[in-house]
Amino acid sequence: QIKKLSFTERGKLCTNQMTKKLFGIMEEKKSNLVVSADFTQSQQILELVDKVGPHVCMVKTHIDIVEDFSQDFITKLLQMAQKHKFLLFEDRKYADIGNTVKLQYNNGIYHVSSWADIINAHCISGLGVLAALKQIGLEKNKGCLLVAEMSSTGNMITAEYTAATVKLAEENKDFVIGFICQNRLSDDPTLLHLTPGVQLKKGSDDLGQQYLTPEEVISKRGNDVIIVGRGITQSADVINTAIAYKQSAYNAYCQLLQ
Ligand code: 6AU
């Protein structure tokens with residue numbers, strides 16, 4: 001079993017303000033749960049977020065699946081984030097050449113850099129992705145997660161690719177706050193490990209998604225945060241299901257402190 005520092009202790013070690021903020025929220029709300037609000041209607045997202053907001057440290061969006069996107073929706077999402085004290089993570093997985101991701105992050109109809117606290121990126125195309133996102137995000141005090149491993153079956157990420165991604169993260173801690181991963185990859189206590197592909201029962205969907213339990217992800221594999229979509233969004237009782245995931249992940253974290 002891996003023994004770890006508490007979120008508070010780790011927060012104190014951070015020079016990156018976004019990581020510090022997230023550790024603070026996690027400790028205060030006793031939540032290392034991120035909900036993935038993968039709905040296509042803005043009202044569905046806002047209703048979900050108002051229910052689960054008190055129980056999550058962050059809400060993850062796929063803004064490009066929203067069919068009735070408007071600036072008003074973003075305003076309301078930001079109000080929810082303030083009301084319930086959570087961060088906003090746009091799961092855009094930027095992956096193109098630097099100049100293109102810069103435009104995608106800053107422009108288009110979504111203007112992601114104006115509202116998302118955190119974004120993520122695949123570094124498959126080289127150093128330009130991170131350099132470009134940094135050019136925009138750094139001065140706005142935003143954070144970035146690098147996709148170092150994936151949850152889906154047959155994904156083409158290799159151990160070498162993962163190791164190179166970890167190195168990039170460790171060298172860019174002014175902007176990179178951690179990883180999207182399945183396993184604990186770095187011993188640096190200031191880097192966060194966020195894991196998607198989580199449900200209360202191990203399993204899979206019919207399109208290659210693979211699920212692990214919160215205990216497996218947090219206490220056995222030593223990751224920090226679980227990201228849960230359909231396990232919560234498709235539940236008949238969203239609030240109590242979110243609470244069950246929150247408690248399961250937070251108890252698993254507490255076990256590592258003993
Ligand atoms: O719980 P689910 O399966 O309904 O949703 C999981 C969410 C989805 C995916 O786009 C995302 O997590 N995801 C990611 C992320 C967060 O980058 C990486 C990955 O490897 N697997 C994965 O499912 O919104």
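Whatever order the structure lists ligands and atoms in, that order sets their numbers, starting from 1. Given the structure is predicted, the values throughout are model-derived calculations rather than measurements. What's counted below: heavy atoms across the whole structure, side chains too, no hydrogens, waters or symmetry copies.
At least one heavy atom of Lys60 lies less than 4.0 angstrom from ligand 1. Close to ligand 1: Asp91, with a non-hydrogen atom less than 4.0 angstrom away.
Residue contacts with ligand 1 for Leu194 are absent, since no atom lies close enough (heavy atoms, distance under 4.0 Å). The side chain of His62, and not its backbone, has at least one atom closer than 4.0 Å to an atom of ligand 1 (non-hydrogen atoms only; side chain from C-beta on). Within the 4.0 Å heavy-atom criterion, neither part of Gln182 lies near ligand 1.
At a threshold of 4.5 Å between side-chain heavy atoms, the hydrophobic network of Ile, Leu, Val, Met, Phe, Trp and Tyr places Val35 and Leu78 in one connected group.
Looking at ligand 1, you'll find an N or O of Ser151 within less than 3.5 Å of one of its N or O atoms. Remark: ligand 1 and Gly229 share an N or O pair separated by less than 3.5 Å (distance only, no angle test). Residue-to-ligand polar distances place Tyr211 within reach of ligand 1: an N/O pair is separated by less than 3.5 Å.
The closest non-hydrogen atom to atom 22 (C) of ligand 1, taken over Pro196, Gly208, Ser36, comes from Pro196. Looking at Gln209, Gln234, Arg230 and measuring to atom 4 (O) of ligand 1, the nearest heavy atom belongs to Arg230.
In this structure, the protein non-hydrogen atom closest to atom 8 (C) of ligand 1 is Asp38 OD2, 3.4 Å.
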Assess whether side chain to side chain donor-acceptor pair (under 3.5 Å) is satisfied between Ser151 and Gln182, documenting all intermediate values.
CA-CA 7 Å; Ser151 60; Gln182 296 292 301; 4.5 Å; no

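No donor-acceptor pair closer than 3.5 Å links the side chain of Tyr253 to the backbone N or O of Asp224.
Side chains of His84 and Phe86 form a contact here, defined as non-hydrogen atoms less than 4.5 Å apart. By the 4.5 Å heavy-atom criterion applied to side chains, Asp38 and Arg230 are not counted as neighbours.
Considering Ile180, Asn223, Leu145 in turn, Asn223 is the only one that fulfils the side-chain contact (heavy atoms from CB on, under 4.5 Å) rule with His193.
Ion pairing between a basic and an acidic side chain is recognised when a charged N comes within 4.0 Å of a carboxylate O; Lys167 and Glu171 show such pairing.
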